[in-house]
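Data block below; observations after.
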Amino acid sequence: MTKSKFNKIATSISVFALVLCLVSFVSFQKAWTVSAADSGIKNPVKADAASVAAGKALYTKSCKMCHGEKGDSKAAAPSNFTSKEFKAQTDGAIYTKINNGFGKMPAYKAKIKEDKERWNLVNYLRTL
Ligand code: HEC
């Protein structure tokens, strides 16, 4: 192999590796980052017994098949709603994740039309 051919191949490989790093970094960021503005959204629905019960009913119907009864990562979805890391998030951040989805997590903004119902889910997840 000539030196210039080797250089060309080496350059192509470096460029490819760089692009691969960038793509994985960007998709990783997108999956888990909630903007400060979205994190700051205030929960307009009081976490009273009625809201939590409505959230639980919806969770049982739409979320349990992936997140399991207890939402503790023992089921198909790796998220653990009972963990310190999860509880440290704001209501706005959890609400945004439910709205937008990411990876295998579906987006629910269009599927669950009432805003209030998605806030009921946030209120229920807080009790796990
Ligand atoms: C098809 C399976 C599936 C269904 C149904 C599903 N989820 Fe998820 N969910 C996931 C997966 C997988 C993740 C983790 C995504 C990742 O790690 O990339 C996740 C992540 C989440 C997170 C983020 C957790 C964190 O640690 O911040 C929340 C909140 C959530 N789901 C709520 C819900 C709610 C509420 C419902 C029902 C309305 C629901 N999910 C239905 C698969 C599902």
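Counting convention: from 1, in listed order, for ligands and their atoms alike.
Ligand 1 places these atoms under 4.0 Å from at least one heavy atom of Lys97: 23 (C), 25 (C), 27 (O). In summary, the atoms of ligand 1 found under 4.0 Å from a heavy atom of Leu121, numbered by their order in the structure, are 35 (C), 38 (C). Less than 4.0 angstrom separates some heavy atom of Ser62 from each of these atoms of ligand 1: 5 (C), 37 (C), 41 (C). The atoms of ligand 1 that sit less than 4.0 Å from any heavy atom of Lys104 are 1 (C), 12 (C), 42 (C).
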**Prompt:** Can you check side chain to side chain contact (heavy atoms under 4.5 Å, CB included) on Lys97 and Val34, steps first, answer last?
**Reply:** CA-CA 8 Å; Lys97 286 182 170 179; Val34 175; 3.9 Å; yes
**Intermediate values then yes/no, side chain to side chain donor-acceptor pair (under 3.5 Å), Ser51 and Asn120** = CA-CA 5 Å; Ser51 168; Asn120 287 339; 2.7 Å; yes
**Prompt:** Does the pair Asp38 and Tyr95 meet the rule for a side chain to side chain contact (heavy atoms under 4.5 Å, CB included), with working shown?
**Reply:** CA-CA 9 Å; Asp38 285 338; Tyr95 172 75; over 6 Å; no
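A donor-acceptor pair under 3.5 Å is absent between the side-chain atoms of Arg118 and the main chain of Asn99, judged by distance alone. A donor-acceptor pair is defined here as one N or O able to donate and one able to accept, closer than 3.5 Å; such a pair exists between the side chain of Lys113 and the backbone of Ala110.
Of the listed options Ser79, Gly103, Pro106, Ser79 places a heavy atom closest to atom 20 (C) of ligand 1. The heavy atom nearest to atom 21 (C) of ligand 1, out of those in His67, Lys64, Glu85, Lys111, is found in His67. Of all the listed residues (Cys63, Ser83, Ala107, Ala77), Ala77 holds the heavy atom that lies closest to atom 11 (C) of ligand 1. Of the listed residues (Tyr95, Phe86, Phe102, Tyr59), the one carrying the non-hydrogen atom nearest atom 18 (O) of ligand 1 is Phe102.
At a 4.0 Å heavy-atom cut-off, ligand 1 touches Pro78 through the side chain alone.
For a threshold of 3.5 Å applied to N or O pairs, the pair formed by Gln89 and ligand 1 contains at least one separation below that value.
For Asp91 and Arg126, the salt-bridge test passes: some basic side-chain N is under 4.0 Å from an acidic carboxylate O.
Both tests do not hold together for Lys56 against Tyr59: distance to the six-membered ring centre under 6.0 Å, angle to the ring axis within 45°.
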